**Q** 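Questions regarding the structure given below will be posed in turn.
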Amino acid sequence: MLGRLRCCASRSSNFLAILLPFRRSLSNAYIHKDNRLQYQRNFESQQIFSSTYLSRRQLSNFQSVNDFHHITDETLEALSDFFDSIADKYNLPDDYDVNFGDGVLTVHFGGNVGTYVINKQTPNQQIWLSSPSSGPKRYDFISNTWIYKRNNQSLHELLSTEVSAITGEEVDLTHLSHGGKTD
């Protein structure tokens with residue numbers, strides 16, 4: 001069977017890439033019919049595939065991709081408005097800059113602080129954060145809040161803590177859209 005995998009690799013590399021995780025559980029995986037390569041899975045590989053697909057699908061708390069885009073855009077726009085407004089309230093460096101477009105929010109604090117990048121990841125249905133203080137994090141939408149699953153801290157809580165350290169004053173972002181605080 002491995003010989004057939006190698007043989008078929010030149011015909012369809014995408015097909016091979018899909019099959020490799022299942023190669024041990026497949027029986028009679030390749031059938032040549034009318035000069036077309038057809039794929040047949042046995043019952044065990046169907047269970048592996050469907051359980052993997054369902055576990056990834058169950059991670060999503062969105063009814064559709066449009067819901068994901070609506071919620072992430074709402075979140076990123078609220079954060080963008082907040083970061084635009086703090087330039088007037090706090091003593092920030094002259095090179096402080098905020099850019100938001102195409103699902104990517106970039107906040108350059110300047111000086112020795114660095115740049116925050118917050119963007120949506122549609123395939124994973126997550127928001128990703130790159131912070132100069134705490135590093136990269138991936139947030140899932142749980143209970144109307146963006147949560148980092150490793151420590152259960154929300155995106156807005158982390159940003160509140162880090163922006164407070166930068167400005168030297170208490171800053172709260174949890175009141176923003178999908179920040180976790182309910183009014």
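Every value quoted in this text rests on a predicted model; they were computed, and no experiment measured them. Heads up: numbering here begins at 1 and tracks the sequence.
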**Q** Mark yes or no for whether Asp102, through its side chain, and Val104, through its backbone, hold a donor-acceptor pair below 3.5 Å.
**A** no
**Q** Identify the two heavy atoms, one from His175 and one from Asp172, that lie closest to each other, and give their separation to 0.1 Å.
**A** CE1-O, 2.8 Å
**Q** Hey, does the side chain of Ser80 reach the backbone of Leu76 with a donor-acceptor pair shorter than 3.5 angstrom?
**A** no
**Q** State whether the side chain of Thr161 and the backbone N or O of Glu157 hold a donor-acceptor pair below 3.5 Å, judged by distance alone.
**A** yes
**Q** Identify every side-chain donor-acceptor pair in residues 87-97 under 3.5 Å, counting partners at least two apart or on other chains, and give the distances.
**A**
from  : atom 1 : to    : atom 2 : distance (Å)
Tyr96 : OH     : Phe83 : O      : 2.5
Asp97 : OD2    : Asn99 : ND2    : 3.2

**Q** Taking the side chain as every heavy atom from C-beta outward, state whether Leu176 and His178 have any atom pair closer than 4.5 Å.
**A** no
**Q** Take Ile127 and Leu155 through the side chain to side chain contact (heavy atoms under 4.5 Å, CB included) test and state the conclusion after the steps.
**A** CA-CA 9 Å; Ile127 286 183; Leu155 169 66; 4.1 Å; yes
**Q** Can you confirm whether Ile118 sits close enough to Leu159 that some side-chain heavy atom of one is under 4.5 Å from a side-chain heavy atom of the other?
**A** yes
**Q** Could you work out, with side chain to side chain donor-acceptor pair (under 3.5 Å) as the rule, every residue matching Lys137, not counting sequence neighbours?
**A**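 In terms of side chain to side chain donor-acceptor pair (under 3.5 Å), with neighbours along the sequence ignored, Lys137 is linked to no residue.
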**Q** Among all residues two or more places apart in sequence or in another chain, which pass the side-chain contact (heavy atoms from CB on, under 4.5 Å) test with His69?
**A**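 By the side-chain contact (heavy atoms from CB on, under 4.5 Å) rule, His69 matches Val65, Asp73, Lys120, Thr122.
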**Q** Using every non-hydrogen atom in the two residues, find where Arg138 and Tyr148 come nearest and quote the distance to one decimal.
**A** O-CD1, 3.3 Å
**Q** So does Asn151 have more than 12 non-hydrogen atoms from other groups sitting under 6.0 Å from CG?
**A**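 Result for CG/Asn151: enclosed.
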**Q** Should the pair Tyr116 and Phe109 be assigned to parallel (<30°), tilted (30 to 60°) or perpendicular (>60°) ring geometry?
**A** perpendicular
**Q** I would like to know whether Asn119 and Leu105 meet side chain to side chain contact (heavy atoms under 4.5 Å, CB included); could you show each step before the answer?
**A** CA-CA 6 Å; Asn119 64 305; Leu105 172 61; over 6 Å; no
**Q** What is the distance from atom OG1 of Thr72 to atom OH of Tyr139, rounded to the nearest 0.5 Å?
**A** 15.5 Å
**Q** Run the side chain to side chain contact (heavy atoms under 4.5 Å, CB included) test on Ile142 and Asn152 for me, step by step, so that the C-alpha distance in whole Å, both residues' side-chain angles and the decisive distance to 0.1 Å come before the verdict.
**A** CA-CA 10 Å; Ile142 301 169; Asn152 290 324; over 6 Å; no
**Q** Suppose we screen for ring pair (Phe, Tyr, Trp, His ring centres under 6.0 Å). Which residues come up paired with Phe82, at least two apart in sequence or across chains?
**A**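 Testing Phe82 for ring pair (Phe, Tyr, Trp, His ring centres under 6.0 Å), a comparison that skips the adjacent residues, returns none.
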**Q** Can you name the residues that form a side-chain contact (heavy atoms from CB on, under 4.5 Å) with Thr115, not counting sequence neighbours?
**A** Thr106, His108, Val117
**Q** Relative to the ring of Phe62, is the ring of Trp146 parallel (under 30°), tilted (30 to 60°) or perpendicular (over 60°)?
**A** tilted
**Q** When hydrophobic residues are tied together by side-chain contacts of less than 4.5 Å, even through go-betweens, does Leu158 share a cluster with Trp128?
**A** no
**Q** Please list, chain by chain and in numerical order, all residues satisfying side chain to side chain donor-acceptor pair (under 3.5 Å) with Ser131, sequence neighbours excluded.
**A** Ser134, Glu162
**Q** Is any side-chain heavy atom of Ser160 closer than 4.5 Å to one of Val171?
**A**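 No - every pair of side-chain heavy atoms lies 4.5 Å or more apart.
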**Q** Ignoring hydrogens, what is the shortest heavy-atom contact between Ser177 and Glu74? Give both atom names and the distance.
**A**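 In terms of heavy atoms, the two residues are closest at OG-OE1, 3.2 Å.
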**Q** Indicate yes or no for a side-chain donor-acceptor contact from Ser154 to the backbone of Ile147 under 3.5 Å, with no hydrogens or angles considered.
**A** no
**Q** State whether the side chain of Asn124 and the backbone N or O of Gln126 hold a donor-acceptor pair below 3.5 Å, judged by distance alone.
**A**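 No, Asn124 side chain to Gln126 backbone: no donor-acceptor pair under 3.5 Å.
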**Q** Please find the pair of heavy atoms, one from Phe100 and one from Glu77, that lie closest to each other, and give the distance.
**A** CE2-CG, 3.5 Å
